[in-house]
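Single-structure report; data block below.
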Amino acid sequence: MRASALLVTCCSLVAAATLADPRPWFVDATRDVGLELPARPDSLQDDEFALPEIMGSGLAVFDFDGDADLDVFLVRAADGHPRLFENDLDRSGSFVDVSASLPSIDDGMLMGAAVGDVDNDGDLDLFISGFGVARLWLNGPARFVDASARLGAIDPVWGASAAFCDLDTDGDLDLVVTNYVRADARSCPNAAGEPEFCPPNAFAPQNDTILENRGDGRFEPTTLAGTARAGLGLVCFDIDGDGAIEVAVANDGQPNQVWNPADDWQDDAVARGFAVNFMGEEEAGMGVALTDVQNDGALDLFVTHIDVETNTLWIGERGRFFDETSRHGLASPSIGLTGFGVAAFDADRDGDVDLAIANGKVRRRVGSEPSRASYVEPNLLLENRDGRFYPHCTGDGFCSREDIGRGLVARDMDGDGALDLVTSDNEGRVRFFRNVSGPSRWVGIRAWDGARDAVGALVRIVGKDMSPQARPVLHTTSYLSSRDAATFFGLGSWETDRVGVEVSWPGGFRERFSVDVDRLSVVVRGEGEAVAGAE
């Protein structure tokens, strides 16, 4: 580490110790809500270190049965048997295991989950990626039907994160899959000659895959040309505000990419400033969050990395990104932790974006035993105070838990407007952290376009004395994980019962709406007030 970086680290640690707020935001309510699951047997003791074993898996949080609350789908790479939990918090106070209704999977190792309404029938369908497996499950009447044959000749060597988004602006959702490496069962020696999981550069990287939705129930897969890299996390969004969607991919140990479908799928990451950090170095990209850190109405990118690196914040400005990690206090807190899942959300509803990160090692300390205990790490919670971030872990249930963390999603699971945290780990378990940050005003917006969520839209809070907070409408976020597409905004001590919102719909058309505070509202394209000058 350079001397300047050390200086930033020391100063940041002093500031964090001085300003940290001791009040907990989250309690671990996993057992209380019926989500406690046994861990798999400690396979790490068997001296088998095939890379796919340590990289999974994710989860999806969405309303699968149309009853207006959010259910939990756990990918569960540990045993290849996904689990589905129906949300029954408002009646019994717990989740109900309905996994028996899922189609079976008997091949490969499962990794990620992506949700999206691929047939425009109003409910969310599910894609499951993995090592040697790719599945498409269509959502029927309270159950899923395996429709994987519709994916065409997709090559499921090792699919990681995936996202549904309308890449060709034809009104239906296409699918993009990041592909990792062409791994095998070998292990690699560490510095002491002990067997360990190989780094990704021990294997050939893969090109990412685009599956075009043909509109008739079939997908046409295409492997993207260009440099193959070890892709993990991704988000789909309109980078420069021109109404078209781009795909930002976090690559592991290699420069990141920004795929531009409007320019024959060229990689624009270098021109956008997202390829490498401010020192020109590629990093071990894992999870990705898309957020508005500065409350300026523009979207920024936050990517998690391995323990010898910092997590990185790229501030967005007119379609370009600038590494401003240290300026926002985000360099030192992540050193020594391997970040995977990440949520950018307003945890305490005070009007700015906080960060939660699920951590878990991929390599143990030299000389330590090859067991689960050598790979667990505590989670990290960061509070945004006037644009700088400080650890908020004193007495907090989220940070107190040590797991081999992977997936992470922030959603309102109990309907109180406070965003809870749901995580998955490498051992096949799910955890539920209930938000207890206290009362504050909020507003939730579900942007609806035709028969489905307006994936690719941007929602902003507008009005006098209101900072233009921005939230993207998307499903895929974090690491190997997805969620419903509602957007949430903290309003602090906002005094009135209405607030203005502006939606930039896919294609560039903008509308304004007035909605109630302290509730989730649905805004429909064409039913608001058109913004002057909007297309």
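Start at 1 with the first residue, then count along the sequence. What you see is a predicted model; the values in this text were computed from it and never measured.
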With rounding to the nearest 0.5 Å, note down the distance linking NE2 in His328 to CG in Leu313.
5.5 Å
Between atom OG of Ser521 and atom CZ of Phe513, what is the distance when rounded to the nearest 0.5 Å?
11.0 Å
Heavy-atom count around Arg498 CZ within 6.0 Å, excluding the residue itself: above 12?
yes
So does Val430 get a backbone contact from the side chain of Ser424, meaning a donor-acceptor N/O pair under 3.5 Å?
no
Output the distance between atom OG1 (Thr291) and atom CG (Asn295), rounded to the nearest 0.5 Å.
8.5 Å
Just jot down the ring pair (Phe, Tyr, Trp, His ring centres under 6.0 Å) partners of Phe302, sequence neighbours excluded, or say none.
none
Counting only N and O atoms by type, is there a donor-acceptor contact under 3.5 Å from the side chain of Asp63 to the main-chain atoms of Asp67?
yes
Out of curiosity, Ile105 CD1 to Met109 CE, how far, rounded to the nearest 0.5 Å?
13.0 Å
Leu381 and Ala356: which non-hydrogen atoms are nearest, and at how many Å?
CD1-CB, 4.0 Å
When you measure from the side chain of Asn207 to the backbone of Leu224, do you find a donor-acceptor pair of N or O atoms at a distance under 3.5 Å?
yes
As an exercise, state the distance from CD1 of Ile357 to CG of Leu330, rounded to the nearest 0.5 Å.
7.5 Å
Suppose the criterion is salt bridge (Lys or Arg N to Asp or Glu O under 4.0 Å): which pairs have a residue in residues 120-131, not counting sequence neighbours?
none
Kindly write out the residues that satisfy ring pair (Phe, Tyr, Trp, His ring centres under 6.0 Å) with Phe321, not counting sequence neighbours, or none if the list is empty.
none
Quick one: does Thr209's side chain get under 4.5 Å of Asn179's, heavy atoms only?
yes
With sequence neighbours left out, the residues meeting side chain to side chain donor-acceptor pair (under 3.5 Å) with Asn256 are none
Determine whether a donor-acceptor pair (N or O, by modelled atom type, separation under 3.5 Å) exists between the side chain of Glu511 and the backbone of Gly526.
yes
Is the closest side-chain heavy-atom distance between Leu59 and Phe73 below 4.5 Å?
no
Just jot down the side chain to side chain donor-acceptor pair (under 3.5 Å) partners of Asn120, sequence neighbours excluded, or say none.
Arg452
Is the backbone of Val98 close enough, under 3.5 Å, to the side chain of Ser101 for a donor and an acceptor to pair up by distance?
yes
Tell me, which pairs form a salt bridge (Lys or Arg N to Asp or Glu O under 4.0 Å) where one or both residues lie in residues 466-477, sequence neighbours left out?
none
Are the side chains of Asp453 and Trp448 in contact, using a 4.5 Å heavy-atom criterion?
yes
For residues 225-234, run the donor-acceptor check on the side chains, cut-off 3.5 Å, and write out each pair with its distance to 0.1 Å, sequence neighbours left out.
unit_1 : atom_1 : unit_2 : atom_2 : d
Arg229 : NH1    : Pro255 : O      : 3.4

With a 4.5 Å limit on heavy-atom distance, are the side chains of Asp348 and Ser440 in contact?
no
Looking at every non-hydrogen atom in both residues, tell me the closest pair between Pro261 and Glu246 and how far apart they are.
CD-CA, 4.1 Å
Do Leu175 and Asn213 have side-chain heavy atoms sitting under 4.5 Å apart?
no
Could you pull out all residues at least two apart from Trp314 that satisfy ring pair (Phe, Tyr, Trp, His ring centres under 6.0 Å)?
Phe274
Report the distance from atom CD of Glu86 to atom CG of Leu84, rounding to the nearest 0.5 Å.
8.0 Å
All side chain to side chain donor-acceptor pair (under 3.5 Å) counterparts of Asp350, not counting sequence neighbours
none
Which side chain to side chain donor-acceptor pair (under 3.5 Å) pairs, counting each pair once, include a residue from residues 164-174, with sequence neighbours left out?
none
Would you call Arg446 and Asp484 a side-chain contact if the rule is heavy atoms closer than 4.5 Å?
no
Assign the ring pair Phe345 / Phe26 to parallel, tilted or perpendicular, where the plane angle (0 to 90°) is split at 30° and 60°.
tilted
Sequence-distant partners of Phe340, ring pair (Phe, Tyr, Trp, His ring centres under 6.0 Å), two or more places apart:
Tyr479
Apply side chain to side chain donor-acceptor pair (under 3.5 Å) to residues Asp106 and Ser104 and explain how you reach the verdict.
CA-CA 6 Å; Asp106 55 10; Ser104 63; 5.5 Å; no
Nearest heavy-atom approach of Leu70 to Arg411 is CD1-CB, 3.7 Å
Run the side chain to side chain donor-acceptor pair (under 3.5 Å) test against Arg318 and tell me which residues pass, sequence neighbours left out.
none
